[in-house]
Amino acid sequence: MTRLSPRIKTDIPAEIKANNIEAHGKIVNISVDSAFVIESPPIITKKPGVEILIRYELPGSGPFEHCGRILRAEKSGFALSFENMDIQAKLHHWNYIIGGLINIKSCPYCGKEYMRIPEVCIECNWRLDFEDPDYFDFFEKRRLINRIQQGILNLDRESLYRIYNFLKTDILKTPDSEGMQEFVGTSSKMLEVFSNIRKIAPTDLPVLILGETGTGKELTALAIHERSPRKGKPILTINCAAIPETLLEAELFGYERGAFTGAYTTRKGKFELADGGTVFLDEIGDLSVNLQAKLLRFLEEGMVERIGGKGGRRVDVRIIAATNCDLERAMREGRFRSDLFFRLNAFTIKLPPLRERGEDKIILANYFLRKFLKGDLSRIKGFSESAINAVMNYSWPGNVRELINKIRRGIVIATGEALTPSDLELEDPGVSSDQMSKEHTPLKGIISRIQKEQTIKALIQCNLNISRASRELGISRQGLYGLIKRYRIDISSLRSQDQKWKG
């Protein structure tokens, strides 16, 4: 089995602590971020997953103290993975390990034996020129790539797409992804939307997009078009609610010269101009009954007849429609034709409102902040913890459009390096008066007291590590920050308590 990191034998005294039990031991072999430890005497419960606090002095580098997690237990001791080591600590360990790799006769990764160590192992293909100044950087990159590969092997297709989407838009920032970053997400509902887009895009079926105002219906239509065989052809958008009925017919179907007063030239409509491409009909629920009949005829025959014309022209256009109206209710009330509905409703995509998209709100907020500050030497660096908490807990009745407007406002009026809830015109849910008043009821008070106690307990057990404590509580990091703010938990006080035994 090939290892991801070389390890050497050593004999380093160590002090360890787990579950409030302190013990002495020694590290008998060590790698960049793991070690095998022997207790003396063995008193700590050696179960995989148990967290350990370990202190030791690395020869030539001084004392180290950090958390670890038991990977496996043996009769003589246990293998420990060091948790959250920074790059400088790893580099110190690496320099110490290099000293133990002099005059080796086998590859420290796979064990292949050699008379003379080559620059690259022929068995595992790892570089073995350890004295190269750039080796540590190479080592870290390759090891991370290997770990990522191992971690994603058993993921389903949707999870892999989620990783790829994040890599493309947030890390690589490829040029073709910049315009679509407003349409990213990691929530289950948005992943379902992305899956439906990929399923329907290669077909020519009409698509009906449903969703509240500001949820991204036009971006959805664009995403479908960009992933379809019609990508190289135009996609034209027309808002059926923004144009009077008399003008809308001319916009859609075109007109001949002299067809009506003011028609001085012949003009093609959207359907003809988009031949081979896509027409996106936004707010289709506001289309008049008269135009509904003409649109239905076009969908059935594929023929465009200009106003004042004497014959039709066949065009090849895909129709994508969208509305925030309840079309089924409109049909019952006679405001929307049922036959047109069933024509348009060959495939439906429902967009969730922003309030139902979980941590996507933070992803979008960060994206828009970067976008609006692009090229600006602004002092603003990001969002405060209370602002993140407020963004997560606000209901967002205006959806993404409202988020955009609030961030733009915040950038203009902010006085500090981080946007605050007041900059965004959002109430911090951690300290809202409404919430505080609710907690004065007997049941709310009991729930709040238990919630505060469990939060403090998780923080102490996890050595004040926010990521681990949030996983322990089964909530997001932002959710934990909200609880800390809500209950005015003094982190510095907890830290001083945790340090008492270390002194």
Side-chain angles (χ1 to χ4, degrees), residues 176 179-180 182 200-201 203-209 213-214 216-325 327 330 335-337 339-347 401:
D176 63 328
M180 292 300 291
E182 299 172 34
I200 196 60
T203 74
D204 270 337
L205 288 175
V207 180
L208 180 61
I209 305 171
T213 298
K217 295 187 287 294
E218 186 170 355
L219 281 173
T220 305
L222 179 60
I224 294 171
H225 176 76
E226 288 296 316
R227 289 159 178 78
S228 75
R230 299 174 180 266
K231 179 179 179 180
K233 299 293 183 177
I235 175 171
L236 302 181
T237 299
I238 190 161
N239 190 320
C240 300
I243 303 174
E245 178 184 354
T246 53
L247 297 179
L248 183 57
E249 181 179 1
E251 283 289 320
L252 290 174
F253 298 96
Y255 53 84
E256 295 288 349
R257 179 181 178 181
F260 51 83
T261 302
Y264 300 115
T265 62
T266 297
R267 182 180 176 184
K268 293 181 179 180
K270 295 287 187 182
F271 292 136
E272 283 188 83
L273 292 171
D275 192 14
T278 305
V279 170
F280 174 53
L281 301 176
D282 199 7
E283 304 302 344
I284 191 71
D286 293 312
L287 198 65
S288 69
V289 175
N290 177 49
L291 282 181
Q292 288 177 33
K294 294 188 175 183
L295 177 60
L296 176 63
R297 181 181 176 187
F298 169 74
L299 289 171
E300 290 176 339
E301 300 177 359
M303 300 289 290
V304 170
E305 186 173 340
R306 296 175 187 167
I307 300 175
K310 296 183 179 179
R313 293 169 176 80
R314 185 170 297 280
V315 294
D316 174 24
V317 172
R318 182 182 195 174
I319 298 296
I320 300 177
T323 183
N324 60 2
C325 299
L327 291 185
R335 293 183 290 106
F336 201 85
R337 294 176 62 113
D339 46 5
L340 177 59
F341 172 79
F342 292 118
R343 273 282 182 178
L344 295 172
N345 196 33
F347 193 93
R401 287 179 189 161

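Reckoned from all heavy atoms, side chains included, excluding hydrogens, waters and symmetry mates.
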Worksheet item: If you measure from CG on D286 to CG on N324, what distance do you get to the nearest 0.5 Å?
Response: 7.5 Å

Worksheet item: Any side-chain heavy-atom pair from R267 and E251 closer than 4.5 angstrom?
Response: yes

Fill in: L299 versus R343, closest heavy-atom pair with distance
O-NH1, 3.9 Å

Worksheet entry | Between CG on residue D204 and OG on residue S228, distance to nearest 0.5 Å | 8.0 Å

Worksheet item: Taking atom CG of N290 and atom CD of E245, what is their separation to the nearest 0.5 Å?
Response: 5.0 Å

Response to the item:
Interatomic distance, CD@E226 vs CD1@I235, rounded to 0.5 Å, equals 7.5 Å

Practice prompt. Could you pull out the closest heavy-atom pair between P234 and A274, with the gap in Å?
Written response: CG-CA, 3.9 Å

Donor-acceptor pairs under 3.5 Å, side chain of residues 313-321 to any protein atom, not counting sequence neighbours: which ones?
from : atom 1 : to   : atom 2 : distance (Å)
R314 : NH1    : E301 : O      : 2.9
D316 : OD1    : R230 : NH2    : 2.8
R318 : NE     : L205 : O      : 2.9
R318 : NH1    : A201 : O      : 3.1
R318 : NH1    : T203 : O      : 2.9
R318 : NH2    : I200 : O      : 3.0
R318 : NH2    : T203 : O      : 3.4
R318 : NH2    : T203 : OG1    : 3.4
R318 : NH2    : L205 : O      : 3.1

Discussion item. Are the side chains of L208 and L327 in contact, using a 4.5 Å heavy-atom criterion?
Written reply: yes

Discussion item. Looking at every heavy atom in both I209 and K217, which two are closest together, and how far apart are they?
Written reply: CD1-O, 3.6 Å

Worksheet item: Which pair of heavy atoms, one from D275 and one from K233, lies closest together, and at what distance?
Response: O-CD, 4.4 Å

Worksheet, complete the sentence: CD of E272 to CZ of R306, rounded to nearest 0.5 Å, is 4.0 Å

Discussion item. Quick one, L252 with L295, criterion side-chain contact (heavy atoms from CB on, under 4.5 Å). Give me CA distance, side-chain angles, the key distance, then yes/no.
Written reply: CA-CA 9 Å; L252 290 174; L295 177 60; 5.8 Å; no

Item to complete: Flag the pair F336 / T323 as yes when at least one side-chain heavy-atom distance between them is below 4.5 Å, and no otherwise.
Response: no

Practice prompt. Using the ring pair (Phe, Tyr, Trp, His ring centres under 6.0 Å) rule, collect all pairs that involve residues 266-297, keeping only residues at least two apart or in two chains.
Written response: F253-F271, F271-F298

Discussion item. Treating Q292 as the side-chain partner and L287 as the backbone partner, does any N or O pair qualify as donor plus acceptor under 3.5 Å?
Written reply: yes

Worksheet item: Could you give the distance from CD (E300) to CG (L340), rounded to the nearest 0.5 Å?
Response: 9.5 Å

Discussion item. How close do C240 and E283 get, counting heavy atoms only, and between which atoms?
Written reply: CB-O, 3.4 Å

Worksheet item: Under a 4.5 Å cut-off applied to non-hydrogen side-chain atoms, are T265 and R257 in contact?
Response: no

